[in-house]
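First up is the structure itself, then whatever we jot down about it.
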Amino acid sequence: MTLISSAPAGYDQYRENIPRGVMEIIDYPSTTVGNSRKAMVYTPPQYSSTNAYPVLYLLHGIGGDEAEWHNHGSPQIILDNLCSDNLLEPMIVVFPNGRAMVNDRAEGDLFAPEKIQAFERFESDLLHDLIPYIESNYPAHTSRDKRAIAGLSMGGGQSLNIGLGNLDHFAWVGAFSAAPNTRTPEVLVPDPSEATSLLSLLWLSCGDQDNLINISLGVHQYLTQHGVPHIWHEESGGHDWPVWKNDLYLLSQRLFK
Ligand code: FER
């Protein structure tokens, strides 16, 4: 399926007098890395610990860390506005640090082999450390149909690798401008009929000026050939924040519905 749309003007602008969510920084113990790791967590407007919320894990790119979305993507404004317009299922959004190593800051040679490897290691940190922490410290639903994973570029590749590789954990998977860490389509989706029956949403998007677009196109073509329902959203733009913010706006309102 192809879908052409973009967010309306003002979608990422702070509005006065609407209920607001809260963005906070957490530390969680990681058995995978062997230390305490940081993440950011957004809880929605009118959040109450007596409710139960679905959770989106939203991942950053190779130049970022757990604060990248917060620093560049105005996610709390976008999500608060969507909530205020009744377009969003209230959800918790977790912004992890996808570089699972002791020094996980985005510094030095970002393409060094051990740093690229740390993006692979994150799968274990997410599944064994962060998700259990979130689900025991927040009023989070714990079933696969209430868990989503999405991300930009390096985090888009991670979302496909981890999400499609663990369909017992995730029913909702999204990749914005997926990077070369993306596994080949045959490895991502070895069993198209299983993926079709388990996925509630598979979202792929990329800017038409992005040098990495062939990676997304390759996955899109494979999915099309094998009859796996998905959304392919090619939009005008490059490897950049206007595209990713638009993608968050469009994807988030489809989740958990
Ligand atoms: C690469 C080009 C880009 C690559 C990763 C990226 C692992 C990631 C870009 C980003 O996250 O913005 O060759 O290899």
Side-chain angles (χ1 to χ4, degrees), residues 12 32-33 37-40 56-75 78 93-126 130 148-165 170 173-188 202-222 232-252:
D12 60 347
T32 300
V33 180
R37 308 200 68 223
K38 290 197 186 306
M40 294 191 76
L56 163 64
Y57 294 84
L58 187 58
L59 313 183
H60 61 81
I62 201 164
D65 57 26
E66 71 281 355
E68 185 180 49
W69 271 100
H70 175 66
N71 290 340
H72 300 281
S74 313
I78 294 171
V93 183
V94 179
F95 301 83
N97 183 311
R99 191 181 293 98
M101 61 195 295
V102 171
N103 179 359
D104 60 10
R105 296 303 98 190
E107 55 193 27
D109 175 8
L110 298 172
F111 290 86
E114 70 271 17
K115 296 193 181 157
I116 299 297
Q117 231 171 48
F119 278 89
E120 287 287 313
R121 187 179 306 116
F122 175 69
E123 176 165 354
S124 170
D125 180 73
L126 177 65
L130 181 54
I149 185 167
L152 71 91
S153 197
M154 217 44 195
Q158 286 178 308
S159 297
L160 295 174
N161 296 345
I162 300 172
L164 298 174
F170 300 97
V173 178
F176 311 157
S177 319
N181 62 327
T182 305
R183 293 175 191 146
T184 60
E186 296 79 6
V187 173
L188 285 176
L202 176 51
W203 164 286
L204 293 170
S205 54
C206 198
D208 58 3
Q209 306 296 310
D210 192 321
N211 291 330
L212 301 180
I213 195 170
N214 282 340
I215 295 162
S216 299
L217 278 173
V219 180
H220 164 53
Q221 280 157 7
Y222 175 92
W232 166 241
H233 180 54
E234 186 176 324
E235 61 208 281
S236 64
H239 197 73
D240 214 346
W241 284 100
V243 168
W244 302 324
K245 289 166 67 179
N246 186 51
D247 294 339
L248 174 61
Y249 174 88
L250 295 173
L251 169 69
S252 61

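The residues of the chain are indexed from 1 along the displayed sequence. Indexing begins at 1, ligand by ligand and atom by atom, following the structure's order.
- Shortest contact from atom 9 (C) of ligand 1 to any protein heavy atom: S153 OG, 3.0 Å.
- Using a cut-off of 4.0 Å between Lys/Arg side-chain N and Asp/Glu carboxylate O, R99 and D65 are scored as not salt-bridged.
- Under the side-chain contact (heavy atoms from CB on, under 4.5 Å) test applied with L160, the options V173, I215, N181 reduce to a single match, V173.
- Atom 13 (O) of ligand 1 has P180 CG, 3.4 Å as its closest protein atom, hydrogens excluded (heavy atom only).
- Scanning for side chain to side chain contact (heavy atoms under 4.5 Å, CB included) contacts around D109 gives F111, A112, with sequence neighbours left out.
- Look at K115 and E120 and you find no salt bridge, because none of the NZ, NE, NH1 or NH2 atoms lies under 4.0 Å from a carboxylate O.
- Checking only distances, M154 does come within under 3.5 Å of ligand 1, N or O to N or O.
- Under a 4.0 angstrom heavy-atom cut-off, F111 registers as being in contact with ligand 1.
- If you number the atoms of ligand 1 from 1 as listed, the ones under 4.0 Å from a heavy atom of I62 come out as 8 (C), 9 (C), 10 (C), 11 (O), 12 (O).
- When ring centroids are compared, W69 and H60 stay outside the 6.0 Å threshold.
- For H60, the heavy-atom gap to ligand 1 stays at 4.0 angstrom or more.
- A perpendicular orientation is assigned to the rings of W244 and H239, their planes being inclined by more than 60° (bins at 30° and 60°).
- The shortest N or O to N or O distance between N181 and ligand 1 is not under 3.5 Å.
- Which parts of ligand 1 touch G61 is read off a 4.0 Å heavy-atom cut-off, strictly below it: atoms 11 (O).
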